[in-house]
Visitor: 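I'd like to ask you about the structure that follows.
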Amino acid sequence: AHNLVESGGGSVQAGGSLRLSCKAPGYVFSKFCMGWFRQAPGKEREGVAVIYTGDSSTYYSDSVKGRFTISQDNAKNTLYLQMNSLKPEDTAMYYCAADGPRPFLETSECLTPNAYDDNDWGQGTQVTVSS
């Protein structure tokens, strides 16, 4: 397990913003898949935004492209997800995940939840967007 700890969730109105944080051990910021995933009640877990910490390349799902931004701060051992223009359909439990090390990969490969083992996940933080 990587001891990932998410924070920053909450309740906002549509159009608002939130920033999620994921505190992680320093080693995951070197050639790891890291990302944010979400799961709404009755739905499967889906990839939202991912980053390959080897070169900070990013990849987003179509549903959040242009609204969400993933970033890493190696000095603080923290992964962020800035969420703007939130919509009610963004309501879900959001999870941080990390898997690696991976010497080389296409960053899009990191977006699939199956790319992560069961012990690669944080506990989640709830995001609720009201209309």
Visitor: What are the two closest heavy atoms between L81 and A49, and how far apart are they?
Guide: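 Looking at all heavy atoms of both residues, the closest pair is CD1-CB, 3.9 Å.
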Visitor: Taking the basic N atoms (NZ, or NE/NH1/NH2) and the acidic carboxylate oxygens, is any pair closer than 4.0 Å for D90 and R38?
Guide: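 Looking at R38 together with D90, the answer is yes, because their closest N to O distance falls below 4.0 Å.
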Visitor: Taking all non-hydrogen atoms of both residues, which atom of M34 and which atom of C96 are closest, and how far apart?
Guide: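 Shortest heavy-atom contact: CE-SG, 4.2 Å.
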Visitor: Starting at CD1 of I70, measure out to CE of M83 and round the result to the nearest 0.5 Å.
Guide: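 Here the rounded value is 11.5 Å.
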Visitor: Measuring from L105:CG to T107:OG1, what's the distance to the nearest 0.5 Å?
Guide: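 L105 atom CG to T107 atom OG1 measures 5.5 Å (nearest 0.5 Å).
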Visitor: Quick check against the 3.5 Å criterion: does Q123 have a side-chain atom that pairs as donor or acceptor with the backbone of V5?
Guide: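 No.
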Visitor: Are any side-chain N or O atoms of T125 and backbone N or O atoms of G9, one a donor and one an acceptor, separated by less than 3.5 Å?
Guide: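 Yes: the side chain of T125 pairs with the backbone of G9.
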Visitor: Can you tell me how far apart CD1 (I51) and SG (C110) are? Round to the nearest 0.5 Å.
Guide: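 One gets 9.5 Å once the value is rounded to the nearest 0.5 Å.
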Visitor: Distance check, rounded to the nearest 0.5 Å: Q72 atom CD versus F32 atom CZ?
Guide: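 With rounding to 0.5 Å, CD (Q72) is 12.5 Å from CZ (F32).
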Visitor: Listing request: all ring pair (Phe, Tyr, Trp, His ring centres under 6.0 Å) pairs with a residue in residues 54-96, at least two apart in sequence or in separate chains.
Guide: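 Counting only pairs at least two positions apart or across chains, no ring pair (Phe, Tyr, Trp, His ring centres under 6.0 Å) contact touches residues 54-96.
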Visitor: Show every donor-acceptor pair shorter than 3.5 Å between a side-chain atom in residues 11-28 and any protein atom, with sequence neighbours excluded, or say none if there are none.
Guide:
{"residue": "S17", "atom": "OG", "partner": "N84", "partner atom": "OD1", "Å": "2.9"}
{"residue": "K23", "atom": "NZ", "partner": "K76", "partner atom": "O", "Å": "2.7"}
{"residue": "Y27", "atom": "OH", "partner": "H2", "partner atom": "ND1", "Å": "2.9"}

Visitor: List the steps, then state whether side-chain contact (heavy atoms from CB on, under 4.5 Å) holds for M93 with R45.
Guide: CA-CA 9 Å; M93 184 71 79; R45 190 170 297 187; over 6 Å; no
Visitor: Enter the distance from L4:CG to N77:CG here, rounded to the nearest 0.5 Å.
Guide: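 The distance works out to 11.5 Å.
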Visitor: Ignoring hydrogens, what is the shortest heavy-atom contact between S61 and G47? Give both atom names and the distance.
Guide: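 Here S61 and G47 meet closest at CB-O, 3.5 Å.
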Visitor: Would you sort out whether S57 and D55 count as a side chain to side chain donor-acceptor pair (under 3.5 Å), showing the intermediate values?
Guide: CA-CA 5 Å; S57 57; D55 60 11; 2.7 Å; yes
Visitor: Ignoring hydrogens, what is the shortest heavy-atom contact between V48 and L111? Give both atom names and the distance.
Guide: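 Closest heavy-atom pair between V48 and L111: N-CD1, 3.8 Å.
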Visitor: Counting N and O atoms only, with roles assigned by atom type, does the side chain of T53 sit under 3.5 Å from a partner on the main chain of K31, one being a donor and the other an acceptor?
Guide: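 Looks like yes, one N/O pair under 3.5 Å.
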Visitor: Give the minimum heavy-atom separation between F37 and V50, together with the two atoms involved.
Guide: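 Smallest interatomic distance, heavy atoms only, reads CZ-CG1, 4.1 Å.
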Visitor: Heavy-atom count around K43 NZ within 6.0 Å, excluding the residue itself: above 12?
Guide: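 For K43, atom NZ is not crowded (no more than 12 foreign heavy atoms under 6.0 Å).
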Visitor: Go through the steps for Y52 and E109 under the test side-chain contact (heavy atoms from CB on, under 4.5 Å), then give the verdict.
Guide: CA-CA 10 Å; Y52 175 53; E109 297 176 21; over 6 Å; no
Visitor: Looking only at heavy atoms, what is the nearest atom pair of C33 and Y116, with distance?
Guide: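 Nearest pair, atom of C33 first, then Y116: CB-OH, 3.5 Å.
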